[in-house]
Amino acid sequence: MLGIGIEELPLVFALQGVALYAVLAGADFGAGIWQLLAGRGERARRIREHAHHSMAPVWEANHVWLIFVLVVVWTGYPQAFASMASTLAIALTAAGLGIILRGVAYALRSATSGPAEVRAVDVLTAAGSLLAPFALAAAAGGIASQRVPVGNAAGDLWSSWLNPTSLMAGLLALLSSAYLAAVYLAADARREGDEEMVEVFRSRALVTGALAGVAAIAGAFVVRSDARWIFDRLVDTPAVLSVCVSLLAGAATMALVARRSLGAARISAAVAVAAVVGGWALAQNPLLLPGLTVDQAAAPDNVMVLLVIAILAGGLILFPSLALLFRLLLRGDFSAEPAVARDPRQAGPTGGLTAALTATRLAGACFVVGGAFLVIGNSAWPHAIGVVLLAAFIVLGLSALAGEDARE
Amino acid sequence: MFDPVTQEYLDQARQMQALSFVVHIPLVCFGIAFPAMVLRAEWLWLRTGDEIYRVLAMRWTKVMVALFACGVVTGTILSFEMGLLWPGFMGTFGAVFGLGFALEGFSFFVEAIFIGIYVYGWNRMSPRAHFLCGFPIVLAGMTGSLFVLAVNAWMNDPGGFELVDGKVTNIDPLAALFGNSHLGFELVHMYLAGFMVTGFLIAGAYAVGRLRGRWGRYERIALTIPLTVAALAAPVQVLVGDWAAREVAKTQPVKLAAMEGVGHDERGAPLHLGGWYQDGEVKYGIAIPKGLSLLAFHDPNAEVEGLDRVPEADQPPVNVVRISFQIMVSIGTFLAALSAWYLFTRVRRKRAPNGRWFYRLLVLAGPASVVALIAGWVTTEVGRQPWVVYGVMRTEEAVTAAEGIPVGYATMAAFYACLIVAIAWILRRLARAPMATDAEPEPINKPVEAS
């Protein structure tokens, strides 16, 4: 049914990146939306605080998925990337500004003091959290509704992302982000044993889940009249299977949240959002842009092979690292009481004077010889030797000057 | 390749891109070098058990993560702008160099993940495990620089592909990225710059404190760690700079001619300090006979190619490149001299310099190193003009056809201005935070010594 060749493989990885970004960054943006809607007063403060603490350790890692998607697409499908980026310039700029707001707000929060400042910073977070998912989804809607032609800014800068399909996509992105965040924040609150927050976010999850469902149905009618081509393909096999998975997972999440099975709801909510991305991809296949198939857009095979190798090798490092981060977070290690007991070894006599003297001399020798290799050498090898010796100079220098902190 | 386009606002597009880099690169320096310095403080704590190092490492961690967050967003904006502003470049050559960014993306990812673990793991992991979690950050900073500079090096010395009737074929991404002659010196030059900028800025901040009388054991340690690193890097940077200039002389003679203001081919070319390039020569500068030939080719009578080897349309704006280069070299020399002063005193007198002038100059060294960083970037990137891919694709062929660049530029500039204000505010706040760290109020072992 779906022959995935080397031309498609990087795109499949990129779409997985899109799905992960939609879920993980979606939850992050959703948390920002809940901060905005928290209102005033003590309970509102606790809502904002919970949303912040839950997301803070992971938001940077969550956001890097977007960069992953960008670099894979521009390497594997350069013409398509250039066409999308240039036509959707305004939408992407808006998304970029939203991401700036989100990141700066995060950095600012570490330096705030007092509730007024925290509140001001949370407003920034919220502004970014509304702007970025809306603009990115609107851009995706422009691609889905065939409004991004091949070429340098060949499409309309405005109607490519401000059109019925894009607006529905943007709205749906905001609702699903809020929904995901509510499910995740409720589950996090359960882990921390904060039953008040569990209930706060549980009811929010139920409301936004219902709203997202209504918006999805309304959206289907909008897309049907606005972009008939993609609609017909969405309701046809194979895409319709993925759409059904999304609907079922969404409904299952509602049931799980209602029954307070929040851990399972976390997973089914993610599946519901990821399946939308999958359905879109299956509906568009094999067209990437109007008149440009994935195969036509793909870079030469040898580039694709290298790209896939890079992605797989990167994944080997990435996923264990991510697993470590999320395990520490979900197991609650990050919110546990600090481990006070520790036994740092008492300082022995830190390196004798003679050792320091030797290191100093060695460092000096490395500097002179390495410098000579670098300056006199005229090809790669002497330069490499020079660089290694100069690196040794810095390392030896550090160890020679490590003995207590420069007394006066 | 896309059809040629006309873009009225090419210069604004370039300025917008430049602005993004000017904001991003100093943050990158902190991403490269600051984790290593935080780890050094933590290591000293593990080795000695002295709480003062732990307090220092924890306070620095907060600064590190705030700056990293800002670097994440400015880096994301940059990757957007690659496509927003330069679709001709991305669409034509994405397959050639894109792999470099894909690899860099993973480095960035690993850095972000372990920064998350490191920051939130303070007090929540065993000290040794926590210390080890810092290493991937440093390593990823190193590999990230490698991959990004591989792309830049390729833009300056493009290879690994063929152009047949305007179509890019026979692409060999590995040869393009890692087989070019610029990667070696660009990487070492930038990596050292990262340590110099970070080191001098942090040491400079504590030097301000010292001049105002805030000087105890804590401050002394906090000044010594970054200063020692920067002071060891600065003299090496002078040697690496010489290497870089000679490579540029070989592969980009027009850029070298612009850096030095050489209008016509010249044997035994003099080196000009200061002055202004006009009508094919440097006016009002101080000439050092045969200096340029000696420096660029290590031969006092070597021939230096002049700008007039290529038509005027293929020449970079000479004064911008030349003055930036002179600024970078003079500041680099100043920093190396200051470092030599410091290292000499440390080695011979077994102490840090204690004159007020040393600390005044150290305060200056921080911002000066940032200026040198930016000036160096301008030298290499404006010196590459009018080419985006040296000798292959002109910047005007790369630019977007979209309208509204001035609006985007103004919006971005306003956001960046706010970002810079925000960073300044964050740093001031964190510097003023009470010494006891968040988790447990530690009695800080801080006998304030009169200096």
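We name chains A, B, ... by the order of the sequence lines, and we start the count at 1 in each one. In this text the structure is predicted, and so the values were computed from the model without any measurement.
- Contact check for A/Leu318 versus B/Phe106: side-chain heavy atoms found under the 4.5 Å cut-off.
- Residue A/Leu157 touches chain B through its side chain alone, counting heavy-atom pairs closer than 4.5 Å.
- Residue contact with chain A, scored on non-hydrogen atoms closer than 4.5 Å, involves the side chain of B/Ile115 exclusively.
- The CD atom of B/Glu81 sits 8.0 Å away from atom OG1 of A/Thr93, with the distance rounded to the nearest 0.5 Å.
- Residue B/Phe89: no heavy atom, backbone or side chain, is found under 4.5 Å from chain A.
- The part of B/Val399 that comes within reach of chain A is its backbone (N, CA, C, O), which places non-hydrogen atoms under 4.5 angstrom from that chain.
- Of all heavy-atom pairs between B/Ala95 and A/Val303, the closest is O-CG1, 3.4 Å.
- No other option in A/Gly377, A/Gly151, A/Pro300 has as many heavy-atom pairs under 4.5 Å with chain B as A/Gly151.
- Residues A/Ala310 and B/Leu99 share a closest heavy-atom pair of CB-CD1, 3.9 Å.
- We find the CZ-CG distance between B/Phe80 and A/Leu88 to be 11.0 Å, quoted to the nearest 0.5 Å.
- Distance alone, capped at 3.5 Å, places no donor-acceptor pair between the A/Arg102 side chain and the B/Val73 backbone.
- For B/Phe108 and A/Phe68, the gap between ring centers reaches or exceeds 6.0 Å.
- Both the backbone and the side chain of A/Ile100 come within contact range of chain B, each with at least one heavy atom under 4.5 Å from a heavy atom of that chain.
- Rounding to the nearest 0.5 angstrom, the gap separating the CG atom in A/Leu325 from the OH atom in B/Tyr120 is 10.5 Å.
- For chain A, the option among B/Gly75, B/Gly105, B/Pro173, B/Ser126 with the highest count of heavy-atom pairs below 4.5 Å is B/Pro173.
- A donor-acceptor pair is defined here as one N or O able to donate and one able to accept, closer than 3.5 Å; no such pair exists between the side chain of B/Arg429 and the backbone of A/Leu108.
- In this structure, the side chain of A/Asn152 does not engage the main chain of B/Pro87 through any donor-acceptor pair within 3.5 Å.
- Between chain A and the residues B/Pro136, B/Gly404, B/Ala112, the most heavy-atom pairs under 4.5 angstrom are made by B/Ala112.
- With a 4.5 Å cut-off on non-hydrogen atoms, B/Glu247 touches chain A through its side chain but not through its backbone.
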Dump the intermediate steps for side-chain contact (heavy atoms from CB on, under 4.5 Å) on B/Phe101 and A/Thr75, then the final yes or no. CA-CA 8 Å; B/Phe101 281 116; A/Thr75 309; 5.6 Å; no

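- Residues A/Leu97 and B/Met412 are in side-chain contact: their nearest non-hydrogen atoms beyond the backbone lie under 4.5 Å apart.
- Using a 4.5 Å cut-off between heavy atoms, A/Thr87 makes no contact with chain B at all.
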List the steps, then state whether side-chain contact (heavy atoms from CB on, under 4.5 Å) holds for A/Ile394 with B/Leu192. CA-CA 10 Å; A/Ile394 294 179; B/Leu192 287 174; 3.8 Å; yes

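- The candidate from B/Pro235, B/Cys70, B/Gly91 with the greatest count of non-hydrogen atom pairs under 4.5 Å with chain A is B/Gly91.
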Assess the residue pair A/Tyr106 and B/Val65 against the criterion (side-chain contact (heavy atoms from CB on, under 4.5 Å)); give the C-alpha distance rounded to whole Å, side-chain angles, the decisive distance to 0.1 Å, and a yes or no. CA-CA 10 Å; A/Tyr106 171 81; B/Val65 73; 4.0 Å; yes

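- In terms of non-hydrogen atom pairs under 4.5 Å with chain B, the most contact-rich of A/Pro78, A/Gly76, A/Ala89, A/Ala82 is A/Pro78.
- Of the atoms belonging to A/Ile90, not a single heavy atom falls under 4.5 Å from chain B.
- When heavy atoms are compared at a cutoff of 4.5 Å, B/Arg246 approaches chain A solely by way of its side chain, counted from C-beta outward.
- Using a 4.5 Å cut-off between heavy atoms, B/Ile77 contacts chain A through its side chain alone, with no backbone atom that close.
- For a residue to count as touching a neighbouring chain, one of its non-hydrogen atoms must lie under 4.5 Å from one of that chain's; by this rule A/Val387 touches chain B with the side chain only.
- Residues B/Thr92 and A/Gln79 are not in side-chain contact: their nearest non-hydrogen atoms beyond the backbone lie 4.5 Å or more apart.
- The most heavy-atom pairs under 4.5 Å with chain A, out of B/Ala422, B/Ala401, B/Cys133, B/Ala66, come from B/Ala401.
- No donor-acceptor distance shorter than 3.5 angstrom exists from the side chain of A/His63 to the backbone of B/Thr76, with no hydrogens or angles considered.
- Between B/Thr400 and A/Ser86, the shortest heavy-atom distance links the atoms OG1-CB, 3.9 Å.
- Here the straight-line distance linking atom CD1 of B/Ile225 with atom CG of A/Leu401 works out to 12.5 Å at 0.5 Å rounding.
- At a 4.5 Å heavy-atom cutoff, B/Phe185 makes no contact with chain A through either its backbone or its side chain.
- In this structure, chain A has a heavy atom under 4.5 Å from the side chain of B/Phe415, while its backbone stays farther away.
- Taking both residues in full, the closest heavy atoms of A/Thr112 and B/Trp425 are given as CA-CH2, 4.1 Å, listed atom of the first, atom of the second, then distance.
- Here A/Ala111 is the residue among A/Ala380, A/Ala153, A/Ala111 with the most heavy-atom pairs under 4.5 Å with chain B.
- Only the side chain of A/Leu66 comes within contact range of chain B, judged by heavy atoms closer than 4.5 Å.
- Separation of atoms CD1 (B/Ile117) and OG (A/Ser321) is listed at 7.0 Å; rounding is to 0.5 Å.
- Heavy atoms of B/Val229 lying under 4.5 Å from chain A belong to its backbone as well as its side chain.
- To the nearest 0.5 Å, atom CG of residue A/Asn378 and atom CH2 of residue B/Trp243 are 12.0 Å apart.
- Contacts of B/Leu103 with chain A are made by side-chain atoms alone, with heavy-atom separations under 4.5 Å and no backbone atom involved.
- Listed options A/Leu70, A/Val64, A/Asn62 were ranked by heavy-atom pairs under 4.5 angstrom with chain B; first place goes to A/Val64.
- When all heavy atoms are compared, the tightest approach of A/Ile67 to B/Ser79 is CG1-OG, 4.2 Å.
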Residues A/Val375, B/Leu239; criterion side-chain contact (heavy atoms from CB on, under 4.5 Å); working and verdict: CA-CA 7 Å; A/Val375 171; B/Leu239 300 171; 3.8 Å; yes

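- Using a 4.5 Å cut-off between heavy atoms, B/Val188 touches chain A through its side chain atoms alone.
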